[in-house]
Amino acid sequence: MSVGCFSDWRKLPVSLSELCINTTLRCGQSFRWQKLPDDDEWRCVLRGRILSLKQDPTHLYYRAYFPPKPSSSSEAQAAAALPTPPSSNAPSRAESKAASDSADQSNNNNDALLDETLSLIKHYFNLSSNLTQLYSEWSAVDPNFKMRAPQFTGIRILCQDAWEALIAFICSSNNNIARISQMVEKLCVNYGPHIGTVDGRAYHDFPTPAALAVEGVEARLRGLGFGYRAKYIYQTAVMVEKEREKGWLDSLRNPESPAFGVEPAPGGEMRPEGRQGYREAHEKLLELQGVGPKVADCVCLMGLGWGEAVPVDTHVWQIAQRDYKFGKGGNKTLNKATYDAVGNHFRKLWGKEAGWAHSVLFTADLRAFSDRLTMTSKKVEADVTVKQEEKEEEIETKTQVKTKVATKRSVKDEDAFDAAEGKEKNLKEQAIAGASEEKTTQTRRTSKRLRKQ
DNA sequence: ACGAGACCTACAAA
DNA sequence: ATTTGTAGGTCTC
């Protein structure tokens with residue numbers, strides 16, 4: 001049996017403020033990246049290869065492991081025969097093959113393969129846009145962003161495979177990042193193509209829709225601990241594989257941010273509700289089982305390239321209440337109307353890449369990163385909070401009712417702050433809780449049940 | 001329309 | 001050592 005190996009490391013100049021993989025790969029966008037225990041090396045199977053990444057302040061380092069060239073070995077054949085990533089209409093596979101044909105088979109140090117891997121990295125990390133520039137634009141229009149973002153530079157929205165994003169975020173409902181990652185890994189191991197084994201660890205790519213649209217998948221996934229999501233995954237796989245045109249999912253992409261290897265085209269005119277193409281993509285995704293507004297927005301943002309998609313989960317809803325005056329009066333719960341209102345507000349505020357800005361704030365609030373909030377930044381935050389409080393005193397009505405959510409939030413935050421400052425902050429949050437409200441549009445979608453009839 | 005419950009599981013926290 | 005609460009929601013009444 002032939003065994004592949006990693007290429008040598010190559011490097012790409014990138015500053016940490018343009019890309020920070022240690023943050024971007026752990027902030028709940030992709031659930032497949034693994035950090036090696038000893039190194040600060042990250043690994044993930046992407047488009048048929050194992051990709052390894054490292055980073056220092058000036059460069060991103062990468063290397064790749066491609067499966068051995070198809071030969072008489074049955075394992076190699078199996079690996080090679082397995083389908084390319086589902087929504088891939090990129091020429092990657094053909095190029096790779098041609099490249100390895102003309103090169104020494106046993107040598108994976110192949111320039112063409114690594115050139116293509118570099119293109120993939122640039123695409124995956126969305127590197128064509130200037131992140132520093134975007135941060136300064138968002139900071140210019142939003143004091144809250146300006147206050148929180150400096151501790152969280154280098155966060156990029158990943159250009160993930162839309163199908164993988166769809167399934168991963170179906171798994172995310174009512175769930176935590178650790179278990180979502182476990183579930184995605186189980187999907188890969190049980191239904192995805194084996195790409196290679198390194199240091200005794202088997203690496204698999206993400207399964208295709210066809211692989212998951214098979215009788216018995218639901219029962220097996222239940223056995224694997226997927227719970228009620230097992231049915232959603234199976235049903236969605238069947239819908240995508242058998243009840244939609246081939247390439248349907250990628251047809252919902254933002255043409256400005258096309259699939260790997262496809263030329264960009266204009267994406268349409270921006271509006272507070274988002275561009276037409278985004279609205280349509282969101283609506284189409286809602287037809288799938290297990291896909292509600294939040295999951296649909298995750299797929300739009302991270303899988304389909306619609307930068308204005310703003311996934312509003314309980315966490316973002318808390319941020320909206322705490323920092324953007326949502327949740328006042330009757331609008332205390334996250335429902336269809338408040339969901340849309342939050343998204344529209346952020347789109348008006350931040351513009352075409354609102355989902356990106358939103359992800360920075362989301363990450364800044366994750367417990368996993370609470371260690372970044374240094375003493376100095378805590379003080380800055382306290383000061384800004386005082387200012388806001390003073391400014392909003394007039395429009396404040398009765399702040400009697402402190403919502404359940406706000407209470408939870410304060411307790412949660414206290415862990416990140418020391419006792420004295422935590423108390424102080426607590427008081428301020430009480431004062432701020434509740435202010436103005438947001439107009440809501442009444443665009444209601446037909447229920448999935450009705451549509452099925 | 002709109003708001004509750006139910007829904008699977010793993011893993012802290014008590 | 002058991003129990004309880006909860007985690008990036010969605011579906012169904």
Quiz prompt | Check: Y339(A) side chain, dG9(C) base, donor-acceptor under 3.5 Å | solution = no
Quiz item: How are the rings of F31(A) and F169(A) set to each other: parallel, tilted or perpendicular (split at 30° and 60°)?
Solution: perpendicular
Quiz item: Counting only heavy atoms not in E269(A), do more than 12 sit closer than 6.0 Å to its CD atom?
Solution: no
Quiz item: Roughly, in whole Å, what's the span from CZ in F31(A) to P in dA7(C)?
Solution: 15 Å
Quiz prompt | Side chain to side chain, F260(A) and S119(A), heavy atoms closer than 4.5 Å | solution = yes
Practice problem: Give me the ring orientation class for H204(A) and H194(A): parallel if the planes are under 30° apart, tilted from 30 to 60°, perpendicular past 60°. | Solution: perpendicular
Quiz prompt | Rounded distance in Å between the P positions of dA6(B) and dT4(C) | solution = 16 Å
Self-check item: Euclidean distance, atom CG of residue L166(A) to atom C1' of dT10(C) [Å, nearest integer]
Solution: 14 Å
Quiz item: Between F206(A) and W163(A), how do the two ring planes meet: parallel, tilted or perpendicular, split at 30° and 60°?
Solution: perpendicular
Practice problem: Report which part of the nucleic acid C27(A) touches: base, sugar-phosphate, or nothing (heavy-atom distance under 4.0 Å, all strands). | Solution: base
Exercise. Under 3.5 Å for both distances, Watson-Crick or G-U wobble, that's the pair rule; now give the dot-bracket for DNA chain B, with | marking pairs to another strand and [ ] for crossing ones.
Key: ..|||||.||||||
Quiz item: Considering only the C1' atoms, how many Å lie between dA10(B) and dC11(C), rounded to the nearest integer?
Solution: 23 Å
Exercise. Could you check whether Q29(A) gets within reach of a base, just the sugar-phosphate, or nothing at all, counting any heavy atom under 4.0 Å?
Key: base
Exercise. Figure out the CG/P separation between L285(A) and dT10(C), and round it to whole Å.
Key: 11 Å
Quiz item: Expressed in angstrom and rounded to an integer, what is the separation of H315(A) atom NE2 from dT6(C) atom P?
Solution: 15 Å
Self-check item: Nearest-Å distance for atom pair CG/C1', residues L334(A) and dG9(C)
Solution: 10 Å
Quiz item: Parallel, tilted or perpendicular: which describes the rings of W306(A) and Y278(A), with under 30° parallel and over 60° perpendicular?
Solution: tilted
Quiz item: Can a salt bridge be assigned to the pair E18(A) and R156(A) using a cut-off of 4.0 Å between side-chain N and carboxylate O?
Solution: yes
Quiz item: For K336(A) and dC2(B), what is the distance between atoms NZ and C1' respectively, to the nearest whole Å?
Solution: 14 Å
Quiz item: In whole Å, what separates the P atom of dC2(B) from that of dG8(C)?
Solution: 28 Å
Pairs under 3.5 angstrom, nitrogen or oxygen only, protein versus nucleotides 9-12 of chain B, please.
| from | atom 1 | to | atom 2 | distance (Å) |
| --- | --- | --- | --- | --- |
| dT9(B) | O4' | R179(A) | NH1 | 3.1 |
| dT9(B) | O2 | R179(A) | NE | 3.2 |
| dT9(B) | O2 | R179(A) | NH2 | 2.9 |

Exercise. Please indicate whether K54(A) has more than 12 foreign heavy atoms, meaning atoms of other residues, nucleotides or ligands, lying under 6.0 Å from its NZ.
Key: yes
Quiz item: Which word best sums up how the rings of W350(A) and Y324(A) line up, parallel for under 30°, tilted for 30 to 60°, or perpendicular for over 60°?
Solution: perpendicular
Quiz prompt | Among dT10(C), dG3(B), dG8(C), the nucleotide that comes nearest once only the side chain of N335(A) is considered | solution = dG3(B)
Quiz item: Taking atom P of dA7(C) as reference, at what distance in whole Å does atom CH2 of W317(A) sit?
Solution: 17 Å
Quiz item: If you measure from the P atom in dT2(C) to the same atom in dC8(B), how many Å do you get, rounded?
Solution: 26 Å
Practice problem: Between dG3(B), dG9(C), dG8(C), spot the one nearest the side chain of Y228(A), thanks. | Solution: dG9(C)
Self-check item: Spacing of Y232(A) atom OH relative to dC8(B) atom C1', expressed in whole Å
Solution: 11 Å
Practice problem: Please state whether the rings of H358(A) and F362(A) are parallel, tilted or perpendicular, taking 30° and 60° as the class boundaries. | Solution: parallel
Quiz item: Can a side chain N or O of T314(A) be found less than 4.0 Å away from OP1 or OP2 on dG9(C)?
Solution: yes
Exercise. Compare the aromatic ring of F362(A) with the six-membered base ring of dG8(C) and state whether they stack according to the 5.5 Å and 30° rule.
Key: yes
Quiz item: Base, sugar-phosphate, or nothing for L366(A), non-hydrogen atoms under 4.0 angstrom?
Solution: nothing
